[in-house]
Amino acid sequence: MIDLKYLEKNFDEASAKLAKKGVDLTILDELKVQFAMLKEAKQSFEDKRAMQKSLSKEFGAYKAQGKDITELKYKLDKLKEAATLLEQKANSIEDELAKKALVIPNFPYDVVPNGESEDDNIEIKKILTPQEFNFTPKEHWELAEINSWIDFTRGVKLAKSRFALLQNRAAKLERALINFFLDKNTKAGFNEVSPPILNNSKMLQGTGQLPKFEDDLFKIEGEDLYLIPTAEVPLTNIFNDEILQDSELPVLLTAATPCFRKEAGSAGRDTRGIIRQHQFDKVEMVAIVKPEQSDEIFEMMVKNASDILTELGLPHRLVELCGGDLGFSAARTIDLEVWLPGQNQYREISSVSIMSDFQARRAKIRYKDGKKNLLTHTLNGSALAVGRTIVAIMENYQQEDGTIETPEALKPYLNR
RNA sequence: GGACAGUUGGGUGAGUUGGCUGAAACCACACCCCUGCUAAGGGUGCGUACUCGAAAGGGUACCGAGGGUUCGAAUCCCUCACUGUCCGCCA
């Protein structure tokens, strides 16, 4: 959630920032007005309630002394009625305000370039040069067919469209990659955990998926539980409603989990292959940090993800997302895009973001700074998306006959 | 899933014949004093959030969540969630 006090005090500046993200600014005016109304309503309720409470104390004394209480009771009844009314008014303003505030996206950082869509993103640098093939490289689904790595038909039979069945060496490769990624992240200082992959609505709200993006989530019927769309949700919310000691920070966590997304709104996109599935494995990095630590940790996370790709021999590039392409909770994001020779283009394989204090405010993640409790910053990034890494290996390591070689770095993980 | 018990501040844990309790005590933590050497003693402070105030200091809400009774509820009633134990089931 954005800082409403900041919005109140620096309205124009806040508006300019959100405009960069393409927010309809009329909602901000409403927010500002309602925020002022809420303060006033709360104040008048609290004044009445204070009066009621202090008189109520006398009530006990009166009774003990055997004094007549009918007049006092009459006054108290009136006060109670008035206070309750004022309370309801304040509550309804607060509810409305919360409803609106929860769907306002995070403020982007100043370094974020202007732009409306992914076409306006800015390439920062390329790492490794794509190799020249002396044949026409195939797309990964053709290779999957030739090597019998992926059974798309039966995946759909078992579940529905956008589900696939990895088999043979692809299944082994998936497991090897998860281990490889976790080992790399551990070496980079991240602590491995294995969280629940069903989380409740409070957690989904904490990281920003709810209430606005409910349609993207798979929900368990009859339960307040959702399949997580990313391990960012459980990892970040480990500290939901907690106050950390400042000596504990930064907290660096990594986990390999399946992720589940409905992909609502991406009908027709990437329907072939396993680029966009309802279920996919991903190894995630999450950091809970003091605000002054977040830039440094961010660079470290980007480098870690990039180094892993380099070690796998996969050409990739770093892309700074523009305001319009930035996610709801993100203040700044760098995407890592891997080269896919079959598709002849770079495709996202990791996304590393600073959420500033946006998630921390929603999830109430704080730390002790002397006597004060301050909001932490949260960051997350993939290192890496497993399915897309398999795609990248298939396309980059393909031979003319359609067979696929194994990257050197993975051999220790596959030959056992 | 069934039966019983419980859910209080960072931790342990009082308080459940309604008002003197936002909350004893102890531990932990912070600062100070004494002392000096890898101990101990003494003092003070210490829940969270919002809000008024320059500050000192006030106000309101929160004792698992939500609702109810009452002038007044951590304390009484209802619903739900969770934890523990026993039974059942099971990887």
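Not measured: the values here are computed from a predicted model. Naming: A, B, ... by sequence-line order, numbering from 1 per chain.
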| message | Using 0.5 Å steps for rounding, measure from the CD1 atom of A:Ile127 to the NE2 atom of A:His316. | response |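 If I round to the nearest 0.5 Å, the distance is 3.5 Å.
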
Going from CG on A:Asn396 to NE2 on A:His140, what distance comes out if it is rounded to the nearest 0.5 angstrom?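 So the gap between those two atoms works out to 13.0 Å.
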
Does a side chain donor of either [X] or [Y] reach within less than 3.5 Å of an acceptor in the other side chain?
{"X": "A:Thr406", "Y": "A:Arg169", "value": "yes"}
{"X": "A:Asn106", "Y": "A:Ser356", "value": "yes"}
{"X": "A:Gln359", "Y": "A:Thr378", "value": "yes"}
{"X": "A:Asn373", "Y": "A:Lys368", "value": "yes"}
{"X": "A:Lys100", "Y": "A:Gln34", "value": "yes"}

Between [atom2] of [N] and [atom1] of [X], the distance in whole Å:
{"X": "A:Lys80", "N": "B:rG68", "atom1": "NZ", "atom2": "C1'", "result": "10 Å"}
{"X": "A:Asp3", "N": "B:rA49", "atom1": "CG", "atom2": "P", "result": "14 Å"}
{"X": "A:Arg361", "N": "B:rA49", "atom1": "CZ", "atom2": "C1'", "result": "13 Å"}
{"X": "A:Asn240", "N": "B:rU48", "atom1": "CG", "atom2": "P", "result": "17 Å"}
{"X": "A:Glu8", "N": "B:rU51", "atom1": "CD", "atom2": "P", "result": "9 Å"}
{"X": "A:Tyr62", "N": "B:rG19", "atom1": "OH", "atom2": "C1'", "result": "16 Å"}
{"X": "A:Lys202", "N": "B:rA81", "atom1": "NZ", "atom2": "P", "result": "17 Å"}
{"X": "A:Lys75", "N": "B:rG72", "atom1": "NZ", "atom2": "P", "result": "16 Å"}

Should [N] form a Watson-Crick or G-U wobble pair with both distances under 3.5 Å, which nucleotide is its partner?
{"N": "B:rC34", "result": "none"}
{"N": "B:rC90", "result": "none"}
{"N": "B:rC4", "result": "B:rG84"}
{"N": "B:rG66", "result": "B:rC78"}
{"N": "B:rG45", "result": "B:rC29"}
{"N": "B:rA56", "result": "none"}

Tell me every residue that passes side-chain contact (heavy atoms from CB on, under 4.5 Å) with A:Ser247, counting only those two or more places apart in sequence or in another chain.
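side-chain contact (heavy atoms from CB on, under 4.5 Å) check on A:Ser247 returns A:Gln245.
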
Against the six-membered ring of A:Phe11, is A:Lys32 placed for a cation-pi contact (under 6.0 Å from the centre, within 45° of the normal)?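 A:Lys32 over A:Phe11 ring: yes.
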
| Has A:Lys368 got a side-chain N or O lying under 4.0 Å from the OP1 or OP2 atom of B:rU48? |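 Answer yes for this pair, as a side-chain N or O of A:Lys368 is under 4.0 Å from OP1 or OP2.
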
Reckon A:Lys5 has a side-chain N or O less than 4.0 Å from the OP1 or OP2 of B:rU51?
->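 Affirmative; the distance criterion is met.
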
*asked:* What residues from residues 42-60 of chain A pass a heavy-atom cutoff of under 4.0 Å to RNA chain B?
replied: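 The stretch gives A:Lys42, A:Gln43, A:Phe45, A:Glu46, A:Arg49, A:Ala50, A:Gln52, A:Lys53, A:Ser56, A:Phe59, A:Gly60 as the residues lying under 4.0 Å from the strand, ordered by number.
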
Do any of residues 85-99 of chain A sit with a heavy atom less than 4.0 Å from RNA chain B, and if so which?
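None, since no heavy atom is under 4.0 Å.
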
[atom1]-based separation of [M] from [N] [nearest Å]:
{"N": "B:rU17", "M": "B:rG53", "atom1": "P", "value": "42 Å"}
{"N": "B:rG22", "M": "B:rA49", "atom1": "C1'", "value": "13 Å"}
{"N": "B:rA73", "M": "B:rC63", "atom1": "C1'", "value": "11 Å"}
{"N": "B:rU69", "M": "B:rU51", "atom1": "P", "value": "30 Å"}
{"N": "B:rA5", "M": "B:rC78", "atom1": "P", "value": "13 Å"}
{"N": "B:rG1", "M": "B:rG10", "atom1": "C1'", "value": "37 Å"}
{"N": "B:rA23", "M": "B:rG18", "atom1": "C1'", "value": "15 Å"}
{"N": "B:rG19", "M": "B:rC29", "atom1": "C1'", "value": "34 Å"}

Need one value for A:Asp224: base, sugar-phosphate or nothing, where a base atom within 4.0 Å counts as base even if backbone is also close, heavy atoms only.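 Here A:Asp224 touches no strand at all.
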
May I ask you to say what A:Ile243 touches in the nucleic acid, namely base, sugar-phosphate or nothing, with a heavy-atom cut-off under 4.0 Å?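 If one applies the 4.0 Å heavy-atom cut-off, A:Ile243 turns out to touch the sugar-phosphate alone, with no base involved.
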
Passing option when A:Val352 is tested against A:Leu336, A:Asn380, A:Leu318 for side chain to side chain contact (heavy atoms under 4.5 Å, CB included) =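 Exactly one candidate clears the test, A:Leu336.
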
Can you label the angle between the A:Phe218 ring and the A:Phe163 ring as parallel, tilted or perpendicular, going by 30° and 60°?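 If you compare the ring of A:Phe218 with that of A:Phe163, the planes turn out tilted.
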
| request: Would you kindly compare A:Lys39 and A:Lys73 by the position of their nearest RNA chain B nucleotide and give the one closer to the 5′ end? | output: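 On the 5' side of the pair lies A:Lys39.
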
